[in-house]
Amino acid sequence: MEMQKTYNPKDFEDKLYAEWTEKNYFRAEADPSKIPFTIVIPPPNITGQLHLGHALDNTIIDALIRFKRMQGYSALYLPGCDHASIATEVKIVEQMKKEGLTKQDVGREEFLRRAWEWKDKFGGRIVEQLKKMGVSADWSRLAFTMDERCSKAVREVFVNLYEKGLIYRGDRIINWCPSCKTALSDAEVEYSEDASFFWHLKYPVKDSSESIIVATTRPETMLGDTAVAVNPKDKRYEHMVGKTLVLPLVGREIPVVADEYVDMEFGSGAVKITPAHDPNDFEVGLRHGLEVIRVMNDDGTMNENAGKAYEGMDHFAAREKIVEDLKAAGALVKIEPHSHNVGHCYRCHSTVEPIVSKQWFVKMAPLAKPAIDAVVRNKIHFTPERFSKIYYNWMEGIKDWCISRQLWWGHRIPVWYCADCGETIVSKTDPDACPHCGSKNLRQDEDVLDTWFSSALWPFSTLGYPDKTEDFDYFYPTDVLSCGYDIIFFWVARMIFSGIEHTGKVPFRDVLLHGIVRDEQGRKMSKSLGNGIDPLEVIDEYGADSLRFALISGVAPGNDSRYSRAKVEAMRNFMNKIWNASRFVIMNAEGADVPDIREVKLSAADKWIVSRLESCIKEVTLNMGKFELGIAAGALYDFMWSDFCDWYIELSKAPLYGDSPEKKRAALAVLCFVLKNALKLLHPFVPFITEEIYGNLPGVTGSIMISDFPRYDSKLAYKKEAKAFEGVMDIIKTVRNMKTSVNCPPSKKVKLFLASPMKRLVSANAAAIMKLAGVGSIGFVESAADVGERVLSQVIENCTVFVPLGELVDIEKEKVRLAAELERVEGEIRRADGKLQNRGFIEKAPKNLVDAERAKLDKFIEMKEKIERQLQEL
RNA sequence: GGAGGCAUAGCUCAGUUGGUUAGAGCGCUCGCUUCACAUGCGAGAGGUCGUAGGUUCGAGUCCUACUGUCUCUACCA
């Protein structure tokens, strides 16, 4: 088959993916003769399309999966999507708004119909995007958080937790989004420093001329005040404690209480207490038995408790009016600018109102303890390690998890209330009648569960839990969990305690965290900035492999990275390089009989590249194991481009186009051997191009994705030979350098003279030296004088290089250059000598390092002598 | 308030348990119609590794403080 001159991924990416799918290569079997290796996808939200963060996620995971699959594991990449309760619901509400409809207009049933329609559309789109990326996921196991399997797990878990007393319902302060009209968990609130004001209010003491001043950032909540608190140690207010105040505008009589919570240094040292609308005040209220008066409705408007003047007003409007009225009543002391942290809904960004509400909660303390333990005892390991500290920090201070949401899209809470006897029924299956009174008049809880409640079960709900399925037995616990560090709390932590609690096992052994993919200027990609990148567009322009390699190279675990078109372009160039190198090999191998490298006599250059390949195998394998994919990718980039293309392919041209059939056979054998193995090493990162080329290699059958990953072979390491051959390479580099330094065109052939003990090696590689350095003849001499012309000379390890360049040589310039060189070498001698003079170094450093340093010193001393001789001869 | 990250070439970043003369890509300079590739080839310039101490035979790497910067987290009304 003819290969195109340039790499054109569109010619084969889709075709190969279809072939892989058709041949069922992605399917992982519960095969007892193999070791399982499992990763579950961080399920993308069905709210929209994939972005570069997903692309990074999936590149990392797919690389690990393909690597393990090639190593003989039964590698399962389990794909799926998340229903993303609140996020999707927001989208659907928006969509309906365009039609002039609200949730209430269409009703629950129709709303859910629309949501499923949305799911089918976007879920399908996400799957297509993942396929474009080349992800080798087992689509036969495609999961969705609201499918039957996962929903069954949700009910199982809810009921079990309830029965263990770990789920309860109660009135607590929660975060309320007035726009989404639902409760939010603490994790779903984002704080930002907003400019606002501090309103100082004066509350008079009953039947007295005294008053107390309090400051607030939310004056409208004063309607719900049921006390004023001061610090018990505060001398200023000692006499006030126990007195009664008259709440302005309302006229309610409220006590002054003493509570440690109050910071004497802050504000006036007196705090108005609104138990219904502030988490701290709620706690104070509990301690002092204060009344809880809600003055706001769920939609953020004031309710009847706020009084007729404000009822029905939005709280922001009410705020203005209340401030006006307070001012008129003489209760407003002053207003000062103040910036403070305000919570916002993570989906719609409205200001979150803390309010008292009846919600379902998960009791966290008993769940957090074993989850912390699992990481402490290294049953789960974080990469990078530092994230375990962040995990501990959060887990140790965790509060109960509010799991009920006043939404429709999601898992409906499996709780029913009997209208006749008031019984609460919590059940895995829908009950027909009240077990207490037999009434059929049951009403299911209206609310759904936090979307993260089902995500928390993902590693086992997708594998069949609670049923004891073959998949569950074989693939669970999973091996690696890879995702961005931004969802440690939302997801990773919750999977850990859920896995331990419900399956008795940690859900995965390794957590591999990556950073955020930012834009070229280092900004987060976001809708509002319009700086998001669609992976599909990048793939369309450069191919999936280029994108994958760009995302993964130069990136360390846990570190943020920047996306730039230039980076992708550079990697596209690398793909083109691989493509053309392969084209070179295949063209030369065409029609020839390519032997195994063990059947041919290897040249020094051959042994060198094979040696380089072996160390590359070692480095890639090692770093894949440590999740250092960036390092592995970098090693491959260097090996492929520098070692294989720039050096070996050029070196191979001499035997390839020479007149010895034996040497040609050997070179061909090595070219094919090295290329084939390099492609295998590259395959986990760039699956398409490697598969396409692999199929064109002579004598190769089958797919690269199910071939064996290369194993380091010490018999092919050729350490000594490789090192020796580097001497030849140094000669070539030196000659090139010399020619450039006198503006001699590379194509102009020069005569080369060497004073070298490596005479045999040089002679054996004369053809390569002549070709790569642009040399016409090679001679051996003792010193520059033997050449008999004006020469440039350069002392390198084991060798002095002389190139007669006649008139081009400027003696004075040459003297300066040599003097500089001498200085450098002398510097090295001082450094090495200093080290060796140091008794501590000799005694404490490893012996091989000391020996190496001695050898180095000898080498530099020899070089110094030679350079001095050159200078003398000039 | 608490915690964590980052600071290395003009730019973007690697640098594995401390150990050769600190690397890459992009950019820059010079030279190349070399029969795989100009999405290329060769040569080169460019860094006292944020500052100050410390540990060590040895520090870009470990410790402490400081400066700058980013992020997470938290109940200061």
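No hydrogens, no waters, no symmetry mates; every other heavy atom, side chains included, goes into these values.
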Exercise. Under 4.0 angstrom, heavy atoms only, what part of the nucleic acid is Ala581(A) near: base, sugar-phosphate, or nothing?
Worked result: base
For this session: Would you indicate what Pro279(A) reaches in the nucleic acid, counting non-hydrogen atoms under 4.0 angstrom: base, sugar-phosphate, or nothing?
Result: nothing
Exercise. Among C75(B), U12(B), A36(B), which is the nearest nucleotide to the side chain of Ile649(A)?
Worked result: A36(B)
Exercise. Any idea how Tyr648(A) and Phe644(A) line up, ring-wise: parallel (<30°), tilted (30 to 60°), or perpendicular (>60°)?
Worked result: parallel
Exercise. For Glu797(A), which residues count as a salt bridge (charged side-chain N to carboxylate O under 4.0 Å, His left out) partner, sequence neighbours excluded?
Worked result: Lys859(A)
Exercise. On a whole-Å scale, what distance lies between the C1' atoms belonging to C35(B) and C30(B)?
Worked result: 26 Å
Exercise. Distance between the C1' atoms of G25(B) and U33(B), in whole angstroms?
Worked result: 27 Å
Taking only nitrogen or oxygen atoms into account, show me every contact under 3.5 Å that the protein makes with nucleotides 62-65 of chain B, one pair per line with its distance.
none

Are any protein N/O atoms closer than 3.5 Å to N/O atoms in nucleotides 1-10 of chain B? If there are, list each pair with its distance.
unit_1 : atom_1 : unit_2    : atom_2 : d
A3(B)  : O2'    : Asn393(A) : ND2    : 3.4

Exercise. What nucleotide, of G15(B), A36(B), C75(B), holds the atom closest to the side chain of Glu628(A)?
Worked result: G15(B)
For this session: May I ask you to say what Cys645(A) touches in the nucleic acid, namely base, sugar-phosphate or nothing, with a heavy-atom cut-off under 4.0 Å?
Result: base
Exercise. Residues in side-chain hydrogen bond (donor to acceptor under 3.5 Å, both in side chains) with Trp401(A), at least two apart?
Worked result: Asp450(A)
What pairs of donor and acceptor atoms, side-chain ones from residues 266-273 of chain A against any protein atom, are under 3.5 angstrom apart with sequence neighbours left out?
unit_1    : atom_1 : unit_2    : atom_2 : d
Ser268(A) : OG     : Ile213(A) : O      : 2.5
Ser268(A) : OG     : Ala270(A) : N      : 3.4
Ser268(A) : OG     : Ala270(A) : O      : 3.4
Lys272(A) : NZ     : Thr221(A) : OG1    : 2.8
Lys272(A) : NZ     : Asp225(A) : OD1    : 3.0
Lys272(A) : NZ     : Thr274(A) : OG1    : 3.0

Problem set entry | Earlier contact from the 5' end, RNA chain B, for Val555(A) and Lys859(A) | Val555(A)
Problem set entry | Any residue meeting salt bridge (charged side-chain N to carboxylate O under 4.0 Å, His left out) with Glu569(A), in chain and number order, not counting sequence neighbours | none
Exercise. U16(B), A38(B), A74(B): which one has an atom nearest the side-chain heavy atoms of Lys5(A)?
Worked result: A38(B)
Problem set entry | Contacts of type side-chain hydrogen bond (donor to acceptor under 3.5 Å, both in side chains), residue Arg523(A), not counting sequence neighbours | Asp519(A)
For this session: Using only side-chain N and O atoms of His338(A), determine if any of them is under 4.0 Å from OP1 or OP2 of A77(B).
Result: yes
Provide a list of protein-nucleic acid N or O atom pairs under 3.5 angstrom, restricted to nucleotides 43-50 of chain B.
unit_1 : atom_1 : unit_2    : atom_2 : d
G44(B) : OP1    : Asn737(A) : ND2    : 2.5

Exercise. Checking all strands, does Pro846(A) fall into the base, sugar-phosphate, or nothing category for heavy-atom contacts under 4.0 angstrom?
Worked result: base
Exercise. Going by an N to O cut-off under 4.0 Å, is there a salt bridge joining Asp659(A) and Lys664(A)?
Worked result: no
Just distance, no hydrogens or angles: give the donor-acceptor pairs under 3.5 Å from side chains in residues 649-657 of chain A, sequence neighbours left out.
unit_1    : atom_1 : unit_2    : atom_2 : d
Glu650(A) : OE1    : Lys653(A) : NZ     : 3.2
Glu650(A) : OE2    : Lys653(A) : NZ     : 3.2
Ser652(A) : OG     : Ile649(A) : O      : 2.7

For this session: Using a heavy-atom cut-off of under 4.0 Å over every strand shown, decide if Asp486(A) touches base, sugar-phosphate, or nothing.
Result: nothing
Exercise. What does Asn838(A) touch in the nucleic acid at a heavy-atom separation under 4.0 angstrom: a base, only the sugar-phosphate, or nothing?
Worked result: sugar-phosphate
Problem set entry | Partners meeting ring-ring contact (aromatic ring centres under 6.0 Å, His included) with Phe490(A) (sequence neighbours left out) | Tyr346(A), Trp452(A)
For this session: Under 3.5 Å for both distances, Watson-Crick or G-U wobble, that's the pair rule; now give the dot-bracket for RNA chain B, with | marking pairs to another strand and [ ] for crossing ones.
Result: (((((((..((((.....[...)))).(((((.......))))).....(((((..]....))))))))))))....
Problem set entry | Short side-chain N/O contact from Tyr657(A) to OP1 or OP2 of A36(B), under 4.0 Å | yes
For this session: List in chain and number order the residues that pass side-chain hydrogen bond (donor to acceptor under 3.5 Å, both in side chains) with Glu385(A), two or more places apart in sequence or in another chain; answer none if no residue qualifies.
Result: His381(A), Ser388(A)
For this session: Tell me which nucleotide among A74(B), A77(B), U39(B) gets nearest to the side chain of Lys272(A).
Result: A77(B)
Problem set entry | Candidate nucleotides G19(B), G40(B), A77(B), ranked by approach to the side chain of Ala845(A) - the nearest | G19(B)
Problem set entry | Whole-Å C1' distance, U64(B) and C72(B) | 24 Å
Exercise. Is there a donor and acceptor pair closer than 3.5 Å between the side chain of Arg562(A) and the base of U12(B)?
Worked result: no
Problem set entry | Pairwise C1' distance, G27(B) and C63(B) [rounded to whole Å] | 38 Å
For this session: Give the nucleotide from the list A74(B), A36(B), C72(B) with an atom nearest to the side chain of Lys524(A).
Result: C72(B)
